[in-house]
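A quick note: this is a predicted structure, and the numbers were derived from the prediction, not measured. Only this structure's heavy atoms are used, side chains among them; waters, hydrogens and symmetry mates stay out.
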Amino acid sequence: MRDAVIRLLNCPDSETLLAAALDIGLVGIRAEAGAVYLAEDDGWLRLAVYKGMEKEVMDRFPAVAPDSSLPLAVAVREQRPVHGLAEDLLRRYPDLDALNARIDYVVMPLLVDNRCLGGLVVRFPRTSALSPEDDQLLTMVADVCAHRLEHLLVLERFGPPAGVPGPGPDTADHEELVRRARHSRRTRLELAMSGGNVGAFEWDIPTGTVIWDERLIKLFGLDPERFDAQVHTFLDAIHPEDRAAMERAMQTSMVSGEYHSIHRIIRPDGAIRWLEAKGTIESTPDGDPGLMVGVAWDITEQRERATRREARREFVLRVTSAFAAALTTEDIIGTMTGTVLPELGAHAMAIHLERDGRLVLAGAVGYPPESMDRLRLIGTEDDNPMAEVLREGRPLFFTSTEAYRRRFPADRLRPACNHHAFVFLPLTSADGTVGTCLISYEDPRDFSPDDQVIGAAISGILAQSLARARLSDVFRARMTELQELMMPSTLPRLPGFDVAARYLPAAEGMQVGGDWFDMMPRDDGGASFVIGDVQGHSAQAAGVMGQLRTALRAHASDGYRAEHLMARGNQTLWGLDTERFATCCIADVSPRAGHLQIVRAGHPSPLQSEADGTVHELAVPGTVPLGYAPDDRYPVFHGQLRPGAALLLFTDGLVDRPDRSYDEAVAAVSTAFGRWMGKARDGGPGAPADLEELADILVSDAFTYPGYDDVAVLLIRRDPLP
């Protein structure tokens, strides 16, 4: 070890020294590779010398940022040795094959007093763990190398003192070199502070006297000639809302010896600025706080940028959340109108969607009729702002009507008279072109970089949402068509009775439900009416519904009536082995006499209204839904549908609402049912024409809850007596 120290101290220049330190470190601990990085004036760690390291690794890391999470930066920043495994780095840099080997590494900081000049990186096989002697050797090499390196760097930068013949350690005037080095560091610090607008201060704590340099005085907006050097001048400038935190920071520093504060100041001209300050406290001979020395700098712009970034982030989150709930193109246009436009301070918007190579107006708000006509036709033209943004793939911002008309002077492209600033956004997603969005403002507007970032964010979110909605619309339309094919397109006429039915596919998202209704005439002139609901909202539920409906029709054609028809339907569903259940209600109506036989399986009880509008719920015995067990039986309710009376069968979507109880919903339906029946009996001007009107009322928003559940209703009214 003695020979190693002598070798390092005799190195005539920094290049030789670093090579020697690396060689001694590698040989001494039987390591295979290593490198030395030096800290430069800008704080970055740059490669100085290496040995045994793969070129691909060195090419990847010619320099390391001071705030990096790499072990080298951590060792230099925290001034401590750092040990690690190559496989930890491999997770971050999987393309570096050299890191696949079973190797360990250690980084030793090159420390001189409280300063770090760089780091010594040593890599060694994992099978040869470092011993205490190895650690001691590396620590010695790093310490000696650091002290000798500082001396050589001063010589190489400034040359030997006057009258000294050479740069060797035996002839250099060490004190003069150290003086020059300190002066050089002060000069570099002064330049850095000036460039960063950093001011320095000293505070004599016992007397309350503060000494500020000119930059700090100007940061506070004060006149250097009139600065009174009193600490209360500083405290008076602190924003009232920050004074309590400032006082706590000062009190803490009296104990810890370290001062750090971020606060606002109010300048004499009323301007509010953010400052950050750091300092250290030197104690008096008695151990009391004596002198605080520190620096302060203006961070207003950084704070404002951070505030803008946070505002942009929150805006994007709000918009993203709003669009996440939009399931259709109409929903998205509504979200743009109700959420995005107010956030942007805009007042008009138009969305065009690409269809078969043309732009088709999908929706617009805030435009007069003549502008709407132009917006509908604009997609057929080649030279227009919408076509340009799609062609170029980037937004267009026009700060005024004049700016817009200079670019697009054609009269057919003129904007509305009260529109004076415009943003045209291309809507493209991963699946291709979606369309364009035009956002208009009432007043001329300068678009800042933040506005442009937000515009790009809206463009991306809107494009993805529209692409999703387009797929949803297509899929839902196909599923609805499939379900409608499974439902009867028309109901047969039943002599002596009026019949009406409705189905409302109100399930959320792209799913469809399993509600259905049917009417099956019998040979005796009567009919079997069926209404049901297969569990779930999906294509599978709709498919099971179709199979069950077909089976019931087949069994009805074989002559089965309510009780046995329900039993056959239950066996059919059980045999399908779908693990889905279904509720169902079947009502057999006899011809002419209007006798009723009703059975139900887990389904809401029917409502019956007499001709005078009196409504009651039929006490039909209930059993479990279809599909629970193959041998379930269904008791029969016998009733009578008198002339002018009506029977209402419905699925639970009519009375199952999140905003009211089941009993309240049934009562509301009963009231509407009875009121209509009473008006129908009384006749006269405004009297209901037929049962179709009542069916429309029952599936209107007054009773159904949009998007909550599917609804099916089936109405049978016996003709009144002549």
- Message: Set out, in order, the CA-CA distance, both residues' side-chain angles and the distance that settles side-chain contact (heavy atoms from CB on, under 4.5 Å) for Leu291 and Glu202, then state yes or no.
- Response: CA-CA 7 Å; Leu291 181 68; Glu202 293 184 5; 4.2 Å; yes
- Hey, mind stepping through His232 and Asp228 against side-chain contact (heavy atoms from CB on, under 4.5 Å) and telling me if it holds? CA-CA 10 Å; His232 67 77; Asp228 60 8; 3.9 Å; yes
- Task: Could you walk me through whether Asp269 and Arg267 pass salt bridge (Lys or Arg N to Asp or Glu O under 4.0 Å), step by step?
- Result: CA-CA 5 Å; Asp269 61 2; Arg267 291 178 174 177; 5.2 Å; no
- Message: Pair Leu38, Leu110 - check side-chain contact (heavy atoms from CB on, under 4.5 Å), show working.
- Response: CA-CA 9 Å; Leu38 297 183; Leu110 303 179; 4.3 Å; yes
- Leu275 and His263: side-chain contact (heavy atoms from CB on, under 4.5 Å), yes or no, with the steps? CA-CA 6 Å; Leu275 298 185; His263 55 269; 4.1 Å; yes
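Residues that satisfy the salt bridge (charged side-chain N to carboxylate O under 4.0 Å, His left out) test with Asp236, not counting sequence neighbours, are absent from this structure. Tyr105 is linked by a ring-ring contact (aromatic ring centres under 6.0 Å, His included) to nothing, counting only residues two or more places apart in sequence or in another chain. Taking Glu304 as the reference, nothing meets the salt bridge (charged side-chain N to carboxylate O under 4.0 Å, His left out) condition, with sequence neighbours excluded. With sequence neighbours left out, the ring-ring contact (aromatic ring centres under 6.0 Å, His included) criterion links Trp212 to Phe220, Phe227. Scanning for salt bridge (charged side-chain N to carboxylate O under 4.0 Å, His left out) contacts around Arg264 gives Glu241, Asp242, with sequence neighbours left out. Considering only residues two or more places apart in sequence or on other chains, Tyr259 meets the ring-ring contact (aromatic ring centres under 6.0 Å, His included) condition with none of them. In terms of the side chain to side chain contact (heavy atoms under 4.5 Å, CB included) criterion, residue partners of Thr207 (sequence neighbours excluded) are, by chain and number, Asp204, Thr209. Annotation: salt bridge (charged side-chain N to carboxylate O under 4.0 Å, His left out) contacts of Arg303 (sequence neighbours excluded): none. Phe201 meets the ring-ring contact (aromatic ring centres under 6.0 Å, His included) test with no other residue; sequence neighbours excluded. Applying the side chain to side chain contact (heavy atoms under 4.5 Å, CB included) test to Val76 and every residue at least two apart in sequence or in another chain returns Leu45, Leu72, Cys116.
Among all heavy-atom pairs drawn from Arg243 and Ile238, the shortest one is NE-O, 3.0 Å. Closest of all the heavy-atom pairs between Ala296 and Leu219 is O-CD1, 3.8 Å. Counting all heavy atoms, side chain and backbone alike, Ile332 lies closest to Ser465 at CD1-O, 3.1 Å. Across every non-hydrogen atom of Ala346 and Ile439, the tightest pair is CB-CG2, 3.5 Å.
Residues Met53 and Phe61 have side chains not in contact (no heavy-atom distance under 4.5 Å, counting atoms from C-beta outward). Residues Asp134 and Phe124 are not in side-chain contact: their nearest non-hydrogen atoms beyond the backbone lie 4.5 Å or more apart. Between Ile266 and Pro240, the closest side-chain pair of non-hydrogen atoms falls below 4.5 Å. Side-chain atoms of Ile281 and Trp203, non-hydrogen and from C-beta on, never get closer than 4.5 Å to each other. Inter-residue side-chain proximity for Val423 and Ile458 is flagged as unmet; no heavy-atom pair is nearer than 4.5 Å. Using a 4.5 Å cut-off on side-chain heavy atoms (C-beta onward), Pro426 and Pro395 make contact. At a threshold of 4.5 Å between non-hydrogen side-chain atoms, the residues Leu462 and Leu425 do not count as touching. A 4.5 Å side-chain heavy-atom check between Leu427 and Ser459 finds at least one atom pair inside the cut-off.
Within 6.0 Å of CD in Glu301 there are 12 or fewer heavy atoms belonging to other residues, nucleotides or ligands. For Glu214, the CD atom sits in a loose shell: 12 or fewer heavy atoms of surrounding residues, nucleotides or ligands are nearer than 6.0 Å.
Distance check: Ile217 CD1 to Ile211 CD1 gives 10.5 Å after rounding to the nearest 0.5 Å. To the nearest 0.5 Å, atoms NZ (Lys218) and CG (Asp213) are separated by 10.5 Å. Note that CD of Gln302 is 11.5 Å distant from OG1 of Thr307, once rounded to the nearest 0.5 Å. Note that the CZ atom of Arg115 and the CD atom of Gln79 stand 10.0 Å from one another [nearest 0.5 Å]. Atom CZ of residue Arg80 and atom CE of residue Met108 lie 11.5 Å apart, to the nearest 0.5 angstrom. Between atom CD of residue Glu282 and atom CD1 of residue Ile205 there is a gap of 10.0 Å, rounded to the nearest 0.5 Å.
For Arg123 (side chain) and Glu32 (main-chain N/O), no donor-acceptor pair under 3.5 Å exists by modelled atom type. Remark: side-chain polar atoms of Thr139 are paired, donor with acceptor, to backbone N or O of Asp135 under 3.5 angstrom. Distance alone, capped at 3.5 Å, is enough to place a donor-acceptor pair between the Arg148 side chain and the Cys11 backbone. Counting only distance, with no hydrogens or angles, the side chain of Asp451 and the backbone of Ser448 share a donor-acceptor pair below 3.5 Å. For Arg215 (side chain) and Ala200 (main-chain N/O), no donor-acceptor pair under 3.5 Å exists by modelled atom type.
For the residue pair Asp298 and Thr300, a side-chain donor N or O sits within less than 3.5 Å of a side-chain acceptor on the partner.
Residue pairs meeting the side chain to side chain donor-acceptor pair (under 3.5 Å) criterion with at least one member in residues 55-69, sequence neighbours excluded: Lys55-Asp59, Arg60-Asp95, Ser69-Arg92. Legend: ring pair (Phe, Tyr, Trp, His ring centres under 6.0 Å) pairs involving residues 9-57, not counting sequence neighbours: none detected.
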